There are 2 protein chains.
Amino acid sequence: MRLYYVIRSVGAIAVCIGLTMLLPLAFSVYYDDGSTQPLVQSMLIVLGIGLPVLLFTRRFDQPYMNHRNAMTIVTIGWIAATLIGALPFFLAGTFGTFTDCVFESISGFSTTGSSVLTDIECVPKGILMWRSLTHWLGGMGIIVLSLAILPFLGLGGMQLYRAEAPGPTPDKLTPRIRDTASALWIIYLVFTLVMIILLMFGGMDLFDSICHTFGTLATGGFSTKNLSIAYYNSAYIDAVITIFMLLAGINFSLHYQLLFGKIKPVFSDPELRFFLLVVAFLILVTAFVLYQTTYPGLSQSFRYAAFQVSSIITTTGYVTADFEIWPFLSQSILLFCMFLGASAGSTGGGMKCMRIMLLLKHIYLELFRIIHPRAVTQLKFGKRLVTEDIIRGVWGFFIMYIGLFLLSSFVLTALGIDLVTSFSAVAACIGNVGPGLGSVGPTNNYAHLPVVAKWMLSICMLLGRLEIYTVIILFVPEFWRK
Amino acid sequence: MRLYYVIRSVGAIAVCIGLTMLLPLAFSVYYDDGSTQPLVQSMLIVLGIGLPVLLFTRRFDQPYMNHRNAMTIVTIGWIAATLIGALPFFLAGTFGTFTDCVFESISGFSTTGSSVLTDIECVPKGILMWRSLTHWLGGMGIIVLSLAILPFLGLGGMQLYRAEAPGPTPDKLTPRIRDTASALWIIYLVFTLVMIILLMFGGMDLFDSICHTFGTLATGGFSTKNLSIAYYNSAYIDAVITIFMLLAGINFSLHYQLLFGKIKPVFSDPELRFFLLVVAFLILVTAFVLYQTTYPGLSQSFRYAAFQVSSIITTTGYVTADFEIWPFLSQSILLFCMFLGASAGSTGGGMKCMRIMLLLKHIYLELFRIIHPRAVTQLKFGKRLVTEDIIRGVWGFFIMYIGLFLLSSFVLTALGIDLVTSFSAVAACIGNVGPGLGSVGPTNNYAHLPVVAKWMLSICMLLGRLEIYTVIILFVPEFWRK
């Protein structure tokens with residue numbers, strides 16, 4: 001009875017999300033911004049459906065969680081969360097159309113941050129808080145998905161982290177997910193509290209601090225200001241957000257290990273080293289280019305370069321400078337960052353550094369094999385041995401990523417959208433980044449795109465966030481056979 | 001004494017190429033176009049160096065041809081051919097700079113067709129004939145490389161064709177290469193003669209017929225007219241060239257089989273089916289889009305769509321319409337064709353259909369494996385079993401292709417070239433296509449690019465043509481160790 005488990009899980013998700021609506025509700029009452037009614041209505045509808053579902057499916061608790069159930073629940077659960085997320089937008093009349101509500105919600109839960117809002121600052125505060133909260137909840141979902149669920153499903157090479165996640169290692173999937181989740185969520189919560197306080201130190205009010213913290217730690221990118229972080233024009237706030245974006249782009253199991261004083265294994269982690277090295281290199285190159293062409297001062301060039309490279313490579317998407325007027329090299333570096341993305345096991349999107357590292361190692365090994373056809377070779381990742389199924393999973397992921405990118409870009413160009421906008425919009429949505437180039441650049445938004453493009457990009461955001469495999473597998477007929 | 005074999009091979013290549021200079025020389029004398037002197041000088045220099053080298057290295061004939069020797073000879077030989085090819089351009093003063101001479105020659109021998117000539121029609125006929133001849137010679141080289149050398153070196157998945165090429169199967173590489181080459185070159189010659197006659201039927205003179213035949217069968221794309229094939233504005237000539245471009249984009253071992261009446265195995269060849277299906281599909285989509293937006297008539301839309309899709313997917317690069325003013329979908333389709341390319345074992349470039357098919361099959365198999373983790377699965381390509389080393393070679397190739405594309409695009413954008421031009425120029429050069437988009441589009445050329453960009457693109461053309469592996473391997477330190 002797979003369906004019952006799915007329904008029960010969706011019910012549980014609905015109740016959890018419904019309860020979190022109390023936070024935006026509180027702000028909406030405090031500011032008396034007119035969004036109290038739609039938020040209360042949304043909460044009643046969500047809990048009104050979720051609670052009975054939970055009650056009537058009680059006997060299906062602790063289901064035997066096999067691969068198929070898990071994959072179905074992840075995809076259906078994420079879609080359900082998205083639809084729930086769209087409800088307050090719809091009832092508050094924030095957007096003209098249902099499509100826009102879903103787009104904004106999927107952009108929130110997938111921690112993408114692409115927006116169809118043309119004037120953010122005139123939207124009621126309660127709704128803006130809800131919008132940022134979808135990021136934060138999505139971020140929680142991603143951490144669990146990438147560190148507790150995907151390694152066990154053996155999808156996209158994430159099985160590399162099978163023995164990595166903290167907590168005990170029981171045979172059943174469900175208790176393991178709970179243990180991993182609670183351990184990692186504590187770190188997520190601590191980061192959240194620290195960042196809110198640090199932002200308030202910089203003069204941001206509580207509301208904006210919470211929203212921007214949600215957007216940062218989930219590597220989302222929704223802001224409460226039309227100018228995004230550029231609004232504050234503060235080196236301190238830029239620095240705080242840059243640091244926390246980078247923290248959010250690091251594997252959360254490393255944060256967990258650090259919490260328990262395991263400093264050495266953390267800094268010998270190959271992915272962390274690669275990630276920090278790439279970030280440092282790209283920031284330096286960008287800063288140099290900007291100093292030569294765009295900004296008069298070296299420190300100014302470095303500040304904007306550091307923020308923007310960190311924002312795009314961690315797939316957050318916050319903006320402090322209009323990088324569309326930057327030189328073409330900086331633009332192509334940022335476009336490359338959209339594909340590369342952050343670390344596996346972080347809240348960031350993109351292909352993930354771990355996968356690119358494995359692909360590069362594969363090439364070197366392949367060249368070595370051509371020179372020494374009879375040598376016995378073995379791919380290693382730090383101290384871990386990379387088995388054939390891991391590298392196969394990574395290859396499959398890479399090819400599907402590129403395939404989805406091409407297919408979606410074709411759809412967008414077919415709608416008459418120019419090449420730079422089409423390609424960068426798709427890259428930004430599959431990679432869960434947010435802003436692209438061209439007419440979806442840092443000073444623009446996604447509002448003007450045709451309806452079909454918005455749905456296509458919504459699919460990209462969902463597939464990108466769920467590591468493609470999880471969704472695509474549901475469309476393989478073989479999956480549904482007994 | 002590996003070096004002696006390399007020197008002897010270069011000597012042999014020099015003598016062969018030197019002798020072929022008689023053809024442009026004949027036309028130059030006939031037209032009395034002023035290029036007789038530089039052509040005679042070039043011939044004397046090339047033969048003057050090549051013949052003594054051949055004589056003094058006689059005792060190294062029939063060398064024991066191991067993997068290392070073969071790969072070194074291929075790369076060094078191709079570079080030598082390019083430098084020889086640049087000599088007539090240099091001596092005739094066709095181009096201002098040495099860089100431009102090398103660019104045009106590498107574009108010729110790699111059958112790319114990217115040109116730095118701004119006014120083709122004012123160049124002496126002898127030089128134009130030489131320019132087209134470099135295509136034809138490059139095409140000969142490619143056929144042998146892809147069907148006789150690469151399968152045995154086990155590079156980039158070409159080992160799939162190990163048992164495929166015609167002729168006997170001895171242990172030694174050298175006699176095999178000779179047998180395969182002579183068999184396939186007969187087909188190449190027959191195609192050449194037939195096409196020259198067909199073009200002359202369409203009213204083209206002998207000179208232009210020969211040049212355009214060379215450009216077509218090698219999937220090169222150098223024309224003798226500034227407007228390329230659009231100059232003739234003839235449906236008959238368009239049709240002839242379209243058909244021969246497609247023939248040149250098909251694996252030449254299939255043509256060989258067809259010659260011996262083996263019709264069934266040819267039409268059950270999975271790559272041929274895939275290639276023709278993709279071509280037909282993309283032509284229909286493009287024709288439909290063009291009919292809706294650009295041209296008034298259906299037959300006109302079909303004619304331009306068929307020509308341009310065939311031209312780009314076979315990586316020829318001839319032009320009958322300015323596809324930069326076509327709708328964005330058509331442009332992105334053509335950009336996609338630049339990457340896909342034609343069949344393996346053809347004179348076409350790009351990634352090759354065979355590789356993309358294997359990657360797609362891999363994804364399906366990977367999804368199947370996730371659903372049935374314990375099932376024993378095996379990748380098949382037609383009736384052939386795809387071994388692990390083949391698929392590893394294909395993956396490695398794919399990743400290196402994308403890596404080279406990104407790296408080169410960065411270099412071009414760093415020189416201040418816009419994104420569309422940079423990305424499409426690199427795609428067109430690695431894929432050995434010719435025209436790109438933006439400022440290197442169908443009505444433009446590569447003359448205005450900075451010197452560094454021209455050298456970068458020259459490297460791309462060479463690497464793309466030699467299937468990346470063959471060149472890259474020479475830069476692995478391991479390769480040079482005993």
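All chains are named by letter (A, B, ...) in the order of the sequence lines, taking the proteins before the strands, and each is independently numbered beginning at 1. All values below were derived from every heavy atom in this structure, side-chain atoms included, with hydrogens, water molecules and symmetry-related copies excluded. These numbers come from a predicted model, not from an experiment.
- Crowding of A:Phe288 atom CZ: a count of heavy atoms from other residues, nucleotides or ligands under 6.0 Å not exceeding 12.
- Contacts of B:Phe339 with chain A are absent, with no heavy-atom separation under 4.5 Å from either backbone or side chain.
- With a 4.5 Å cut-off on non-hydrogen atoms, B:Leu419 touches chain A through its backbone and its side chain both.
- Residue A:Ala375 comes nearest to A:Phe368 through the heavy atom pair CB-CE2, 4.0 Å, listed as atom of the first residue, atom of the second, then distance.
- Note on A:Arg355 versus A:Glu467: salt bridge recorded, some NZ/NE/NH1/NH2 to OD/OE distance being below 4.0 Å.
- Using a 30° and 60° split on the angle between ring planes, B:Trp395 and A:Trp395 fall in the parallel class, below 30°.
- Taking the side chain as every heavy atom from C-beta outward, B:Leu406 and B:Val426 never approach each other to under 4.5 Å.
- In this structure, the side chains of B:Leu282 and B:Cys337 come closer than 4.5 Å at one or more pairs of heavy atoms.
- Among A:Arg392, A:Arg369, A:Met400, A:His362, the residue with the largest count of heavy-atom pairs under 4.5 Å with chain B is A:Arg392.
- The candidate from A:Leu367, A:Ile399, A:Leu329 with the greatest count of non-hydrogen atom pairs under 4.5 Å with chain B is A:Leu329.
- Contacts between B:Phe397 and chain A at a heavy-atom distance below 4.5 Å are absent for every atom of the residue.
- With a threshold of 4.5 angstrom between heavy atoms, A:Phe423 approaches chain B through side-chain atoms but not through N, CA, C or O.
- Contact annotation for B:Ile417: only backbone heavy atoms (N, CA, C, O) come within less than 4.5 Å of a heavy atom of chain A.
- Ranked by non-hydrogen atom pairs under 4.5 Å with chain B, the options A:Val289, A:Leu359, A:Ile371 are led by A:Ile371.
- In this structure, the portion of A:Leu335 lying under 4.5 Å from any heavy atom of chain B is its side chain and not its backbone.
- Heavy-atom distances place no part of B:Ile391 under 4.5 Å from chain A, backbone and side chain included.
- A side-chain N or O of A:Thr421 and one of A:Asp418 form a donor-acceptor pair less than 3.5 Å apart.
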